[in-house]
Amino acid sequence: MLGYSSVMRHLRVALLQLKVGKSKQENVSRAIDKLRGIVSDHGPKSPSWTGKNKNLLCILPECFNSPYGVKYFNEYAETIPDGFTCNELSKAVKELGIYLIAGSIPERETAGSSTLYNTCTVWAPDGTIIGKYRKMHLFDIDIPGQIRFQESETLSPGNALTAIQIDEAKIGLGICYDMRFEELARIYRNDGCNFLVYPGAFNMTTGPLHWTLLQQGRATDTQSYVATVSPARDESSEYVAYGHSSIIDPWGAIMVDADAEETYVVKDLDFGVCEKVRAQIPISKQRREDIYKTLKVTF
Ligand SMILES: O=C(O)CCC(=O)C(=O)O
């Protein structure tokens with residue numbers, strides 16, 4: 001018996017559904033201003049802090065410093081960790097004393113290189129990067145008359161997973177389209193993760209159909225919390241993001257859905273719930289790994 005009290009199992013999580021425009025400077029400073037607001041209303045020194053949480057984790061959207069479009073990625077790309085955006089984020093987390101999953105930005109592999117990635121960085125309150133994840137499954141789809149998007153025209157895929165631990169949360173990272181691939185979620189689950197975070201920017205075609213469904217699927221598959229963070233919807237932009245940043249609990253229930261406008265939502269996550277669900281519906285112990293690879297379908 002480790003003697004964990006329920007107090008120790010919580011992490012406060014804030015999703016910032018940010019309005020993203022064409023100026024990188026404005027996008028980054030707007031994000032940081034909004035983070036200041038979140039910390040003053042919901043951070044450890046705010047009246048709403050309950051004492052159940054040790055830390056505040058804030059999460060930004062996919063592509064929060066640049067418009068989301070293949071023609072923009074090269075212009076907005078920066079090397080990590082020495083580019084403008086990382087410098088600003090490093091100062092901000094130190095000032096605010098928060099953990100930050102910084103959505104994603106277009107990353108240039110090295111100065112002068114033409115290799116670009118869609119990359120998420122994770123920041124600790126001391127201003128250092130504690131995780132970096134490059135989108136593994138690129139968003140290449142073609143639905144005639146609705147949407148054609150080919151990230152692979154300018155981006156390269158990442159080939160590595162990244163998990164980080166913040167208090168009781170063991171967090172596996174994916175970005176947007178990655179959410180469609182249950183294999184990724186399963187690997188994280190098998191490695192002990194209890195929280196999957198996907199900064200994302202679904203669109204007005206696939207968003208209403210699949211965004212919430214996929215999150216609930218990944219949450220029930222892995223019996224973990226799942227969070228997604230989208231840019232706010234802007235009907236005037238070339239790529240209209242769906243919005244609806246959300247948190248799904250380990251039962252698969254929607255805890256919060258931020259709708260479409262610029263806003264933020266805050267929830268205290270209790271990781272004891274993952275253990276309860278996993279004990280009560282013990283699917284991970286009931287998997288038939290002994291036969292899956294050898295099974296053949298007969299018609
Ligand atoms: O999977 C989808 O429908 C949307 C994916 C997407 O927007 C992305 O990967 O950025």
Side-chain angles (χ1 to χ4, degrees), residues 15-22 27 31 59-77 85 101-107 116-121 132-162 172-186 188 196-219 221 226-235 237-246 248 257-260:
L15 316 181
L16 174 52
Q17 185 163 285
L18 184 74
K19 197 161 139 194
V20 176
K22 286 207 167 138
N27 291 334
I59 312 177
L60 301 178
E62 180 182 23
C63 221
F64 75 91
N65 73 350
S66 143
Y68 186 56
V70 288
K71 70 176 183 203
Y72 296 108
F73 294 147
N74 185 50
E75 180 190 339
Y76 285 74
T85 304
I101 297 181
S104 76
I105 63 170
E107 178 196 3
L116 308 178
Y117 301 97
N118 186 340
T119 303
C120 175
T121 51
K132 173 173 149 176
Y133 171 78
R134 290 170 169 163
K135 188 176 191 176
M136 185 177 285
H137 303 93
L138 294 181
F139 176 40
D140 286 356
I141 68 168
D142 190 356
I143 307 176
Q146 302 279 331
I147 178 170
R148 180 177 187 279
F149 203 101
Q150 300 289 313
E151 268 190 325
S152 63
E153 285 170 1
T154 50
L155 299 183
S156 297
N159 295 314
L161 298 178
T162 302
L173 297 174
I175 299 176
C176 204
Y177 199 61
D178 284 329
M179 193 164 52
R180 291 186 178 274
F181 299 86
E182 71 278 10
E183 294 87 346
L184 189 84
R186 174 144 315 284
Y188 281 132
L196 303 175
V197 173
Y198 298 96
F202 268 41
N203 51 78
M204 297 307 293
T205 302
T206 60
L209 284 170
H210 296 155
W211 173 255
T212 308
L213 184 69
L214 286 165
Q215 292 169 62
Q216 290 183 294
R218 298 297 79 84
D221 291 345
V226 172
T228 52
V229 190
S230 168
R233 190 177 306 167
D234 173 2
E235 303 282 356
S237 75
E238 291 155 70
Y239 182 95
V240 182
Y242 180 54
H244 289 275
S245 304
S246 337
I248 310 296
D257 175 334
D259 216 324

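In listed order, ligands and their atoms are each counted from 1. Hydrogens, waters and symmetry mates play no part in the numbers below; they use all other heavy atoms, side chains included. Please read these numbers as outputs of a predicted model, since none were measured by experiment.
When the heavy atoms of Asp178, Thr206, Leu138 are ranked by distance to atom 3 (O) of ligand 1, first place goes to Thr206. In this comparison of Glu62, Arg180, Lys135, the heavy atom closest to atom 9 (O) of ligand 1 sits on Lys135. One option in Ala241, Gly174, Gly200, Cys176 has a heavy atom closer to atom 6 (C) of ligand 1 than any other, and that option is Cys176.
Atoms of ligand 1 found under 4.0 Å from any heavy atom of Tyr68, numbered from 1 in the order shown, are 8 (C), 9 (O), 10 (O). Every atom of ligand 1 is numbered from 1 in the order shown, and the set under 4.0 Å from a heavy atom of Ala201 is 6 (C), 7 (O).
Not a single heavy atom of His210 sits closer than 4.0 Å to an atom of ligand 1. In this structure, Phe149 falls outside the shell of residues with a heavy atom less than 4.0 angstrom from ligand 1. Distances shorter than 4.0 angstrom occur between a heavy atom of Tyr239 and an atom of ligand 1. Assignment of His137 to the shell around ligand 1 is not supported, since no heavy atom sits closer than 4.0 Å.
For the residue pair Asn27/Tyr76, the side-chain donor-acceptor check at 3.5 Å is not satisfied.
Taking a cutoff of 4.0 Å between a charged side-chain nitrogen and a carboxylate oxygen, Lys22 and Glu75 do not qualify as a salt bridge. Salt bridge Glu151/Arg134: absent, no basic N to carboxylate O contact under 4.0 Å.
Looking at Glu151 next to ligand 1, no N or O pair under 3.5 Å apart turns up.
Classification of the Phe149-Tyr68 ring pair by plane angle, with boundaries at 30° and 60°, yields parallel.
With contacts defined as side-chain heavy-atom distances shorter than 4.5 Å, the pair Asn118/Glu62 qualifies. Contact annotation: the side chain of Met179 approaches that of Phe202 to within less than 4.5 Å [non-hydrogen atoms, C-beta and beyond].
In this structure, the ring of Phe139 has its center less than 6.0 angstrom from the ring center of Tyr177.
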